[in-house]
Amino acid sequence: MGIQLYNTLTRKIEPFKPLEKGKVKMYVCGPTVYNYIHIGNARPVVVFDMVRRYLEYRGYEVQYVSNFTDVDDKIIKVAEGMGEDVKSLTERFIKAFHEDTGALGVKKADIHPRVTETIPEIVSFIERLVDKGYAYESEGDVYFRTKKFKDYGKLSQQSIDDLQLGARIEVGEKKENPLDFVLWKKGKPGEISWESPWGNGRPGWHIECSAMVKKYLGDTIDIHAGGQDLVFPHHENEIAQSEALTEKKMANYWLHNGYININNEKMSKSLGNFVLVHDIIKQFDPKVVRFFIVNAHYRSPINFSAEQLTSAESGLERINTTYTNLQHRLKTSADLGEDSEAWESKIEEHHDRFIQEMDDDFNSANAVAAMFDLVKLGNLYLMEKHTTKDVLSKFVGRMENMAYVLGMELGKQEALLDEEVEKLIQERIDARKNRDFARADAIRDELKERNIVLEDTPQGTRWKRV
RNA sequence: GGCGGCAUAGCCAAGUGGUAAGGCACGGGUCUGCAAAACCCUUAUCCCCGGUUCGAGUCCGGGUGCCGCCUCCA
């Protein structure tokens, strides 16, 4: 049936049809870099990384662009407070972003454009909007004339009149209309700024994405994604700017992920109830955090708590245990099983279901369920007296496929043990042969203290780190 | 005030109108020298009230509760 996805623009599930066969142009709004990212910021990064991986797994060539906002009010303020210049602050947190998201198994985008490296395109974008009458200069600022853009509100499904009622009017308003938003902001003395036809200043927030999308991906792209809180005003404004200029549809599909909540409230920088990825991965394996995120449907809100992560940790361990057991069996046992075809076709059924679930608006919650079903099947197979290399490899391969799409590496534990530990394990094997269980148990306890857990299987003793 | 979302077992979480996936936790059992892991069994009148239908968690109407956007926010 192919991939179906929920499009915020139409509020419907639609079949995915790329602009160009076999290719996908995708843009994800990235962070403003003045702090470490919190787990709520991490969600879209993880979730759309998964979307990208899945599209690639399904054979699409994906061009994936995600920006860094590396100049804005908050950055300037924070930099000032720290006595650091803007450039060095943003460099620091861009590096931290890559470290944190890398730990979460996120692949880098093909291009990570920055505002400060896109100024000429932004200025010319604004100039052309002014030329077309969609923007006006006012005391050194430039604003977008929302009233002139007839589709304003189409993404957030709001009428321009209702929006106006809700809009707050600031004192000393330089705008023609409260809904107008700033494209270019007049610089204050001493602040970072660039020259422009309207004097020194810097870009407003929304214009950067419009300019970057156009620069790197073109007038119309396939997928534009971000957090739900960006629907209005950010994405609405992007559409206004871009479509006013190009008179073409900016993106065919708009995808928005749900929030991560704490105590049922949105996690956000302004509420101050956030947990930094930087900190949480000191307590939990980053793969656990990834699994936790991927375990829910991307549009559902998820509540964050240590209990939930602990639960995810146990679930992931179940998957890993089966995976390592299958590999252990593959290495240590003979190639003697029967009914290979029957097992292999069952494995394929689970893989098919995985694909079907991911096709259905990236329903990773159900895809994970399919993976757990495969795990169960694997455990049943491991109970067979005789197994074949073919079936075992098939299990391992399919588990790896699924894990790749979800962005989790399986069973990646250091293969090496130091000599002393190796010796102890061997000594215990001998002790058990001699039925010296007291000694065997003592060794097992000792290794446990060193976080190495032993499991005796019919194919021999297996160890793992915990 | 406008727009939108959600309410499913102890916890988390899926669910195309046909009598409720999956995970975690709990209890019982099997296997094991003992464990661990695994396997088997047990655990839900799907917020309330109406309606449509042969049949509704799933559609419609009305409640109740919670949340989000409308201001920087993923």
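Hydrogens, waters and symmetry mates play no part in the numbers below; they use all other heavy atoms, side chains included. Each chain gets a letter, A, B and so on, in the order its sequence line appears, and its residues count up from 1.
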Would you state whether a donor and an acceptor, one from the side chain of [X] and one from the base of [N], lie under 3.5 Å apart?
X	N	answer
Arg444(A)	A35(B)	yes
Asn366(A)	G22(B)	no
Asn264(A)	C6(B)	no

Would you mind classifying the nucleic acid contact of [X] as base, sugar-phosphate or nothing, using non-hydrogen atoms under 4.0 angstrom?
X	value
Asp441(A)	base
Met267(A)	base
Leu454(A)	base
Ser270(A)	base
Gly258(A)	base
Gln158(A)	base
Ile37(A)	nothing
Glu455(A)	base
Asn325(A)	sugar-phosphate
Ser156(A)	sugar-phosphate
Gly226(A)	sugar-phosphate
Arg318(A)	sugar-phosphate

Which nucleotide, [options], lies nearest any side-chain atom of [X]?
X	options	answer
Phe372(A)	G23(B), G33(B), A38(B)	G23(B)
Lys266(A)	A13(B), C34(B), A74(B)	A74(B)
Thr321(A)	A14(B), A37(B), G33(B)	A37(B)

Under 3.5 Å: donor-acceptor pair, side chain of Ser138(A), backbone of Lys174(A):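 Looks like yes, one N/O pair under 3.5 Å.
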
Salt bridge between [X] and [Y], side-chain N to carboxylate O under 4.0 Å?
X	Y	value
Lys148(A)	Glu176(A)	no
Asp359(A)	Arg58(A)	yes
Lys185(A)	Asp72(A)	no
Lys186(A)	Glu139(A)	no

Any side-chain N or O of [X] less than 4.0 Å from the OP1 or OP2 oxygen of [N]?
X	N	result
Lys269(A)	A74(B)	yes
Lys464(A)	A37(B)	no
Asn363(A)	A14(B)	no
Lys385(A)	C31(B)	no

Value rounded to 0.5 Å, distance of CZ in Phe48(A) from CZ in Arg43(A):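 Phe48(A) CZ to Arg43(A) CZ: 9.0 Å, rounded to 0.5 Å.
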
Output the rounded distance in Å from [atom1] ([X]) to [atom2] ([N]).
X	N	atom1	atom2	value
Leu104(A)	A74(B)	CG	P	16 Å
Phe304(A)	C67(B)	CZ	P	20 Å
Lys12(A)	G4(B)	NZ	P	13 Å

Paired nucleotide for [N] [Watson-Crick or G-U wobble; both distances under 3.5 Å]:
N	value
U19(B)	none
C24(B)	G10(B)
U53(B)	none
G4(B)	C67(B)
C39(B)	G29(B)

Polar contact flag, side-chain donor to acceptor under 3.5 angstrom, Gln241(A)-Ser210(A): yes

Phe437(A) ring over G33(B) six-membered base ring, under 5.5 Å and 30°: yes

Same-atom distance (C1') from C3(B) to U8(B), integer angstrom: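 The answer is 27 Å between these two C1' atoms.
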
Residue whose nearest RNA chain B nucleotide is more 5′ - Ser311(A) or Asn257(A):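 Closer to the 5' end of RNA chain B: Ser311(A).
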
Residue mapping more 5' on RNA chain B - nearest nucleotide basis, His38(A) or Gly315(A):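 Its nearest nucleotide lies further toward 5', so the answer is Gly315(A).
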
Residue that, paired with Phe395(A), satisfies side-chain contact (heavy atoms from CB on, under 4.5 Å) out of Leu374(A), Leu330(A), Thr322(A), Leu382(A):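 So, applying the side-chain contact (heavy atoms from CB on, under 4.5 Å) to Phe395(A) and each of Leu374(A), Leu330(A), Thr322(A), Leu382(A), only Leu374(A) qualifies.
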
Within residues 293-302 of chain A: residues closer than 4.0 Å to RNA chain B (heavy atoms):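 Of all residues in residues 293-302 of chain A, the ones placing a heavy atom under 4.0 Å from RNA chain B are His297(A), Ser300(A), Pro301(A).
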
Partner of Thr8(A) by side chain to side chain donor-acceptor pair (under 3.5 Å), out of His224(A), Gln228(A), His256(A), His235(A):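 Exactly one option meets the side chain to side chain donor-acceptor pair (under 3.5 Å) with Thr8(A), and it is His256(A).
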
